[in-house]
Amino acid sequence: MAKFISAIMKITSNIFQVGGQALSHQSDAAVYLIKSGDEAALVDAGTGKGSEDLFSNIRETGTELEFIKYIFVTHCHYDHAGGINQIREITGSRVVAHALDAPYIESGDPEMTASSWYREDMDPSWVDIKIPENEKKFTIGSLEISFIHTPGHTPGSSVITLISDGLLILFGQDIHGPLNDLFRSDRQEYEKSLKFLLTLNADILCEGHFGIYKGRERVKDFIESFL
Ligand SMILES: [Zn+2]
Ligand SMILES: [Zn+2]
């Protein structure tokens with residue numbers, strides 16, 4: 001049976017959704033591409049089960065795989081981080097994650113990465129840049145990217161923000177949670193992080209499992225619904 005693959009989604013002139021449930025593999029969280037000139041980055045890596053489709057989607061946006069400078073990993077979960085090694089191998093990109101989640105990406109711990117939920121093994125992956133602080137800036141072409149620690153879902157959960165086409169874009173992959181003792185979620189930290197995200201007044205939210213929210217009011221309503 002032919003596999004259903006939906007079209008790549010162009011979000012702004014710099015941002016595309018290239019992976020996710022309908023784009024690369026049913027278990028993949030959303031994978032977003034950020035590009036500017038001949039530099040690019042990915043937000044999350046999917047499970048690795050749909051990497052071939054992910055690569056062809058990236059190429060379809062006019063992006064060479066070698067342009068990908070970083071893989072920004074929002075947290076250690078299998079659906080976001082399982083595909084790191086395959087992407088790094090072919091792109092030569094550097095993997096960025098918060099220092100509090102990096103140990104689980106590197107060990108492949110089945111509970112902390114939630115791979116046991118998927119009845120899969122997480123491929124342990126080296127993290128090149130472990131961010132110990134609250135916020136770190138990166139550049140992709142002419143874009144400035146902020147990697148910001150927003151703990152709660154997991155200890156090292158983080159978001160990525162940037163301005164593209166004059167709009168503030170927020171990549172909040174697992175803003176919706178869930179919270180679970182198995183992966184050391186923390187309700188208090190989570191609520192604090194959500195309140196911080198509301199102060200950003202983002203114009204577009206790119207979520208990991210719930211799609212793309214456009215407009216400040218819609219973004220705000222989505223975030224508030226978890227408070
Ligand atoms: Zn998660
Ligand atoms: Zn997820």
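Whatever order the structure lists them in is the order used to number ligands and atoms, beginning at 1. Sequence positions, counted from 1, serve as the residue numbers for this chain.
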Query - Remaining members of the apolar cluster that contains L100, side-chain heavy atoms under 4.5 Å - result: none
Query raised in the report: For L194 and I223, which heavy atoms make the closest approach, and how far apart are they?
Result: O-CG2, 3.7 Å
Query - Residues which pass side chain to side chain donor-acceptor pair (under 3.5 Å) with D101, listed by chain and number, not counting sequence neighbours - result: T154
Query - N, O or S atoms of the protein lying under 2.8 Å from the Zn ion (ligand 1) - result: H75 NE2, H77 ND1, H153 NE2, D174 OD2
Report summary line: To the Zn ion (ligand 2), the closest N, O or S atom belonging to H209 is NE2
Report summary line: With sequence neighbours left out, the residues meeting side-chain contact (heavy atoms from CB on, under 4.5 Å) with K220 are L198, E217, E224
Query - Parallel, tilted or perpendicular: ring planes of H80 versus H75, cut at 30 and 60 degrees - result: tilted
Query raised in the report: Parallel, tilted or perpendicular: which fits the ring planes of F210 and H176, with parallel below 30° and perpendicular above 60°?
Result: tilted
